[in-house]
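Below is one structure, written out as structure tokens; the observations come after it.
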Amino acid sequence: MKIFFCTILLLLLQAFPTSPRASGRLPALAASQSQTSVSGLSAGAFMAVQYQVAYSGSVIGAGIVAGGPYYCATGLATSAALCMGWMRPFEPVPQPMLLATEYFASMGLIDPLDNLRHERIYIFSGQNDTVVVPPLVDATAGFFRAAGVPAENIVYIKNIPAGHAMISPAYGGDCPANGGQFINHCDVDGTAYDQPGAILEHIYGSLNPPARKRTGKARSFNQREFSAGWTSLDADAHVYIPAICLREPGCRIHVAFHGCEQTQADVADAFYEKTGYNDWADSNKIIILYPQLRRVGILNPLGCWDWTGYTGQNYAWRSGAQMSAVHAMLTRLMSAPD
């Protein structure tokens, strides 16, 4: 019995730390309220899909790298194996997820699906991905087509021999790798594939070339003020702010969600400094928001964004604990400076 209570106490301490790191306040920058986009890898890609769908009235596009359809796990962690593509020959199909999405929209739990007709969606599946296998990502493309996203607004890249990773133009492991920091480098016809650039240009259109020398830097901020209840959010998150966005209002915002085992405790600053997003952001007046999770015992052992329901049955709705926390961060960035 004593061992049992000690175990419970340890889990509670892991879930609710008593001394979070002290960091600054996320600034209010009067950023654009109509130019927000999202992207992510793996569980971060599932989260990007969720956020895109639930907040489609205020999000104009998404980059999905090795991620599945909205509500793929139907709120059941036991469905995760199917939604990762591990239960062959059974593969997820988009129709049941679309029915659930339509029901949630009809109940006002997520934004109307008509908004998706105007979204721009980038989808990527590496040919050597053994974690989230290509047939699952096929279902993601099918879901967005069935939900009304025009075919010309969807780009689906699946001809690069990449493993399970974000593809950086100047950093990372071997292209086919399925581990390490989950950031790989791939050459396509002798040219480094620039995935952050491909995502941002598909969503926003033609952009200036990435900056060779950044004018800003990623800064830490206290993200706990944006969460209510248990969210698995780490104490600190990061935001990249080009120098011009500190002086002028109207900058666009892109949210980049890390994958499982890609928290700052796992990969340090690799995800928020070395993927390549910040270089594009700097030359194109884009603020990059990098929310951060942490590993939490048996509740979230790999530091994954919630696409299975571990934070509650509303995890995929606007009211979900992680969803509403990210929305609150965006609202701050869009607010007028104090």
Side-chain angles (χ1 to χ4, degrees), residues 38-54 61-102 104 116 119 121-149 151 153-167 175-179 182-184 186 195 198-199 202 256-262 300 302-310 315-316 322:
V38 296
S39 68
L41 165 69
S42 192
F46 278 91
M47 183 65 174
V49 169
Q50 286 177 186
Y51 199 91
Q52 166 70 86
V53 172
I64 301 151
V65 182
Y70 179 85
Y71 208 59
C72 186
T74 63
L76 298 171
T78 53
S79 298
L82 175 63
C83 290
M84 298 282 279
W86 293 348
M87 295 179 63
R88 296 179 182 179
F90 303 103
E91 304 288 358
V93 292
Q95 286 75 15
M97 295 93 167
L98 183 60
L99 289 174
T101 308
E102 291 171 340
F104 296 156
L116 293 175
E119 315 300 335
I121 307 296
Y122 168 101
I123 304 170
F124 181 91
S125 178
Q127 291 177 325
N128 290 306
D129 192 327
T130 60
V131 179
V132 177
V133 297
L136 168 65
V137 188
D138 290 343
T140 304
F143 170 85
F144 278 109
R145 286 192 292 264
V149 179
N153 285 13
I154 300 174
V155 60
Y156 185 11
I157 307 298
K158 52 181 178 178
N159 62 346
I160 296 176
H164 187 70
M166 177 69 67
I167 312 303
C175 187
N178 284 280
F182 299 101
I183 302 172
N184 290 357
C186 298
Q195 192 163 67
I199 291 170
H202 178 68
F257 295 105
H258 63 72
C260 299
E261 300 182 84
Q262 229 181 12
N300 185 17
L302 300 180
C304 303
W305 290 95
D306 185 9
W307 59 276
T308 60
Y310 71 76
Y315 72 98
Q322 293 177 354

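Quick note: residue numbers are just sequence positions, from 1. We use all heavy atoms of the structure for the numbers below, so side chains are in, but hydrogens, waters and symmetry mates are not.
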Which distance, rounded to the nearest 0.5 Å, do you find between the [atom1] of [X] and the [atom2] of [Y]?
X	Y	atom1	atom2	value
Gln50	Tyr315	CD	OH	6.0 Å
Met166	Phe124	CE	CZ	9.5 Å
Ile121	Gln52	CD1	CD	4.0 Å
Leu41	Ile183	CG	CD1	8.5 Å
Tyr51	Phe257	OH	CZ	7.5 Å
Phe46	Trp305	CZ	CH2	15.0 Å

Does any non-hydrogen side-chain atom of [Y] lie less than 4.5 Å from one of [X]?
X	Y	result
Val53	Phe144	yes
Val132	His164	yes
Cys72	Leu136	yes
Val65	Ile199	yes

So which atom in [X] and which in [Y] form the shortest heavy-atom distance, rounded to 0.1 Å?
X	Y	answer
Gln322	Asp306	OE1-N, 2.9 Å
Pro94	Ala139	CB-O, 3.8 Å
Ile64	Ala45	CG2-CB, 3.8 Å
Gly126	Pro134	O-CG, 3.9 Å
Ser42	Gly259	CB-CA, 4.4 Å
Ala48	Gly63	CB-O, 4.2 Å

Under the side chain to side chain contact (heavy atoms under 4.5 Å, CB included) test, which residues partner Asn184, sequence neighbours left out? Ala165, Ile167, Ala177
Within the distance-only criterion (no hydrogens, no angle test), does the side chain of Asn178 pair as donor or acceptor with the backbone N or O of Gly163 below 3.5 angstrom? no
So, the side chain of Thr140 versus the backbone of Gly67: is there a donor-acceptor pair under 3.5 Å, distance only?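 At least one qualifying donor-acceptor pair exists.
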Restricting to pairs with a member in residues 135-147, which pass salt bridge (charged side-chain N to carboxylate O under 4.0 Å, His left out), not counting sequence neighbours? Asp138-Lys158
Check: Tyr122/Gln195 side-chain N/O donor and acceptor closer than 3.5 Å: yes
Test side-chain contact (heavy atoms from CB on, under 4.5 Å) applied to Val49 and Trp307, step by step: CA-CA 10 Å; Val49 169; Trp307 59 276; over 6 Å; no
